[in-house]
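Following: one structure in structure tokens, then a few remarks.
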Amino acid sequence: MSLAQVHYTSAAPGDEGMAGRFTAVGPGVSGALLAEIEPLVRYELPDGAPDRPSDGELRSLPQSFTYAALSDGSRLVSRSAPVRATGGGAGPGIRFHAHAVHLPPGVPLPGDRLPVEAWRSPHWVAVTPGGAIPDPLALSPGPAAVSEGLDDFAVSRGPWLAAVLADLRRASEPTEPGGRPVVLVERQCADVARWLGLASVTLPRESAERLTFTTYTRRPESSAVRVAGVLPEDAEAARAAGLRVHVCAERPPSGGGTDDAWAATAARVWRSRSPELFREARELPGVPFAPGPLAVTALCAGIALGPDERAAAAGWAADRPYALDAERTGRLVEALASPGVDDRTGPEFDAVGRLFGALEGRCPAAVTAPLAAMLVTEAVRGGNGSLELPRRDAFVGPEGAAVAERLAPEILTELGDTAGSRSVARTVQLLRVARLLGVDGTDSLPGVIDRLAPALLTEAAAQDEEGTGAAGAPDFAPALLELLDEQFEVRTALLGALDRLAPRDPGAVARFLERVALPFTGTQALPHLRMCAEVPGAMATLGGDRAAVWHRVLRAAGLSPFAEPLVLRTAVGLVWADRAPTIEEARLLLDAATSDSHRAAGTWARLVDAALGASAAEPSATGTPSTASSAASTDEAAALAHDLLRGFPREIGGRERAGLLLLDLVRELRTGAPEPGWAERVRTLCAQAEPVDPALRERAHAALVERLLAPDRPGAELYDFVHGDDAELIAAYDRTARTETVRTRLRAQPAYAADCFTVWTAHPHAGKTWPPVAAALLDEVLRPAVRAMSAEDVAEVEATVGRTGSSGRADAFRTWNRSSTLGRLGRRIAGRVRRG
């Protein structure tokens, strides 16, 4: 079909107010389309253009070659070129003429060409023709003029090539109209056309057809195309407009690279003058612009690539191991494993590892052996602990022997190094490579395992605190489990070492086993590991019944604590890791094994903590300490203390021994006949037990003053107490004397009241603390009790005071009591006077 052509020319000199006019319009081009076409074909001279140029100067002025999409889906291919003005006048001697071809929607270019190929068409004209002229898009067969010299041009633009191709790729994506154009800055608009020629070869056909462009404009920010060419003097304005600008006409950029692996590979293909590889790459499976197919094609053609591109090639081939024939697979492996490559990265090795896994078993071992050698060499020398290692049968013939001979000394030296710090992943990797290559490390294995076992717990705990690791497991877990599955001797030695470590820190081992399911279900005894593995389930099932949990964990060991005392330590550490046992639990532990077993396990110290940490009393229903429960708790703790002092006389010393002796003294004060010197012993033991638990101190003071307030207390003990002038003990005595128990006894027992009167008046000069306390007790505790007594009981108090003391003491009581009576009588009389 015949395509409509349009001609547009700028205003003649002297035509003020006119930018230009259409001088010829082909059929089917509406007025609305002309309004849209006009800004696309206008031309603006560059700065510094001569008013009346010579023929050479006129030819050197830029031409604007444009390919644009119109709103109705049609397209426009046009060329706007400066021409010499005809006629007289004083105006400029330069005008421009635009020649355009209109492509209706869905109509391809003649010969299925791309628009940029018409750049140098001989049918573009600079004047409005008088009749029909050939279609500028109807080109003769063969390569278009723009394709000539593309290889040389690509090499000359090497520093910018990857970045520009990356942006041209993004500009060709299906996006909404009105996007911001990519700006190419060249001194010659023909070079902008060559960039577009590079894109037409590099990009898939559908992408190249979406790439609208103009080779020259002064105002790229308002251009409706995706790629705009400008001269160097307009580059700064384009940058100021926020456009993506590539200045290809100045000094090469320092970096010039891109993180787009496809673009970087495409640039290397062009620099190698091998554009035919783009067509080959498009025949391979994969999404458009995936770097893998192009990188594989380039490597198979012998083109050197960077690490990211090699990784992309290996990853693509690993996902599609059947996409390449045997010959290309061999060339790809040879390129990836080339000894001349020295910039390999971790991601590249990971991708090569996946490729090896995909090819192993599908290709002869001779093909994959170079990859296997590269992987194990990197595992040893590069320290890449994430590599997927090949199997032992990956090395055949001399290749395997050569690798083993080269790497064995390095492996053994590093495994035997006790000075440096080596991560778990590194140790595991070295052990696996040693077995893979048949390196005999029997002599160094015990030392390696002794360092590896505690490192497992340390690194796992550190990753747990940091929140790293995959799905709760440490990063090294998969490789560790593979190691244990591969090497029986390593598994046996490592599990034994962890079992020996468990009694020292059973909680850490239990947490590790929750995150890493070690295979210890074989014939090894491993009592401590079995206990550590059992405790989470026991805790979840039995809840707060720690005694039941302890029994279940101990049964999991499969050994009696009499035969293996250390199982006691492990069990106690697991069940009571965060607290001391209660008195009942401590009694259970003490009775579960002999003192020798507890001594060997070191668990006697936890029993001491239980005795010393027992609470002074359980809260009663009213929220106040219950005397009965307090006494029971004290008796149980004291009984345990007594047994501990007898069972571990040489082990318990220092403040712990003093604390247990204090507990034992409390029991004797309440239930027995302790040795004389109660108050002094309490003071001495409290000082020796510092820092003593406040509850234990309170219990000791309470037991002492309760005994001193008893009717049958020895006078010598009371005398020592009063004259000891211990403010804390006297304060405890004061508090106890004011309790309801003592007040009731005073009201009900005249003899007890007489005894208290005697004690509270007998030592008026005993230090500074006792006299005011005794006087306050007389007035605030004893006086209310005597007032509540009958006359007969008061008389009995007076008589008892006289019998146990002297007649003077009896007179003192009468005087004390009379002052109380007179005080009451005086208050009554005063009250009657006020009422009168």
Side-chain angles (χ1 to χ4, degrees), residues 40 43-44 46-47 60-69 77-80 114-120 144-147 149-173 175 179-203 207-253 255-258 260 263-264 266-267 270-271 275:
L40 295 173
Y43 180 89
E44 187 175 356
D47 288 340
S60 67
L61 292 174
Q63 297 181 5
S64 176
F65 183 67
T66 302
Y67 170 59
V77 181
S78 68
R79 190 198 71 161
S80 298
L114 287 171
V116 71
E117 295 183 71
W119 160 248
R120 290 297 187 189
V146 76
S147 300
L150 279 185
D151 291 349
D152 293 337
F153 177 76
V155 171
S156 71
R157 295 301 189 270
W160 300 273
L161 200 54
V164 172
L165 289 177
D167 274 349
L168 292 180
R169 176 188 67 79
R170 283 189 286 269
S172 71
E173 293 175 353
T175 56
R180 309 280 279 172
V182 174
V183 176
L184 302 179
V185 181
E186 290 281 4
R187 291 188 175 89
Q188 301 294 328
C189 59
D191 290 333
V192 177
R194 291 186 179 94
W195 275 116
L196 296 165
L198 291 177
S200 68
V201 175
T202 310
L203 302 176
S207 298
E209 289 179 344
R210 284 193 293 266
L211 203 62
T212 58
F213 57 82
T214 183
T215 60
Y216 167 71
T217 179
R218 294 294 307 275
R219 308 184 189 282
E221 68 278 2
S222 59
S223 181
V225 294
R226 300 190 180 196
V227 181
V230 302
L231 296 180
E233 54 264 29
D234 294 321
E236 192 57 41
R239 282 199 195 94
L243 302 182
R244 177 78 169 165
V245 178
H246 295 277
V247 181
C248 310
E250 295 181 358
R251 183 184 308 166
T258 176
D260 188 323
W270 274 113
R271 289 199 295 269

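Atom OG1 of residue Thr215 and atom CG of residue Leu196 lie 8.0 Å apart, to the nearest 0.5 angstrom. In this structure, CD on Glu186 lies 8.0 Å from CH2 on Trp160, to the nearest 0.5 angstrom. Note: Arg244 CZ to Asp167 CG = 4.5 Å, rounded to the nearest 0.5 Å. In this structure, the separation between CG on Leu114 and CD on Glu209 is 6.0 Å, given to the nearest 0.5 Å. Expressed to the nearest 0.5 Å, how far CG of Leu184 lies from CG of Leu168 amounts to 6.0 Å. Between Asp191 atom CG and Cys248 atom SG the span is 9.0 Å, to the nearest 0.5 Å.
At a threshold of 4.5 Å between non-hydrogen side-chain atoms, the residues Tyr43 and Leu61 count as touching. Residues Arg226 and Val182 are not in side-chain contact: their nearest non-hydrogen atoms beyond the backbone lie 4.5 Å or more apart. You'll find the side chain of Arg157 stays beyond 4.5 Å of the side chain of Leu198, heavy atoms only. Looking only at side-chain heavy atoms (C-beta outward), Tyr67 and Val116 stay at 4.5 Å or farther from each other. With a 4.5 Å cut-off on side-chain heavy atoms, Thr214 and Ser223 count as touching. The shortest side-chain heavy-atom distance between Pro232 and Val247 does not fall under the 4.5 Å cut-off. With a 4.5 Å cut-off on side-chain heavy atoms, Trp119 and Val77 do not count as touching. With a 4.5 Å cut-off on side-chain heavy atoms, Thr202 and Trp270 count as touching.
Below 30°, between 30° and 60°, or above 60°: for Phe65 and Phe213 the angle between ring planes is between 30° and 60°, a tilted geometry.
Closest approach of Ala69 to Thr212, counting heavy atoms only: N-CG2, 3.9 Å. The nearest pair of heavy atoms linking Ala238 to Val245 is CB-CG2, 3.8 Å. Minimum interatomic distance between Val155 and Arg271 (heavy atoms only, all atoms of both residues): CG2-O, 4.0 Å. Between Pro159 and Ser156, the closest heavy-atom pair is CD-O, 4.4 Å. The two atoms that bring Glu44 and Tyr216 nearest to each other are O-OH, 2.6 Å, heavy atoms only. The nearest pair of heavy atoms linking Pro220 to Ala228 is CB-CB, 4.0 Å.
The 12-atom threshold is not exceeded at CZ of Arg219, counting heavy atoms of other residues, nucleotides or ligands nearer than 6.0 Å. Heavy-atom contacts from other residues, nucleotides or ligands closer than 6.0 Å to CD of Gln188 number 12 or fewer.
Under the side-chain hydrogen bond (donor to acceptor under 3.5 Å, both in side chains) criterion, Glu236 pairs with Arg239, not counting sequence neighbours.
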List the steps and the verdict of side chain to side chain contact (heavy atoms under 4.5 Å, CB included) for Asp260 and Arg170.
CA-CA 10 Å; Asp260 188 323; Arg170 283 189 286 269; 4.2 Å; yes

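A ring pair (Phe, Tyr, Trp, His ring centres under 6.0 Å) check over residues 217-248, counting only residues at least two apart or in different chains, returns nothing.
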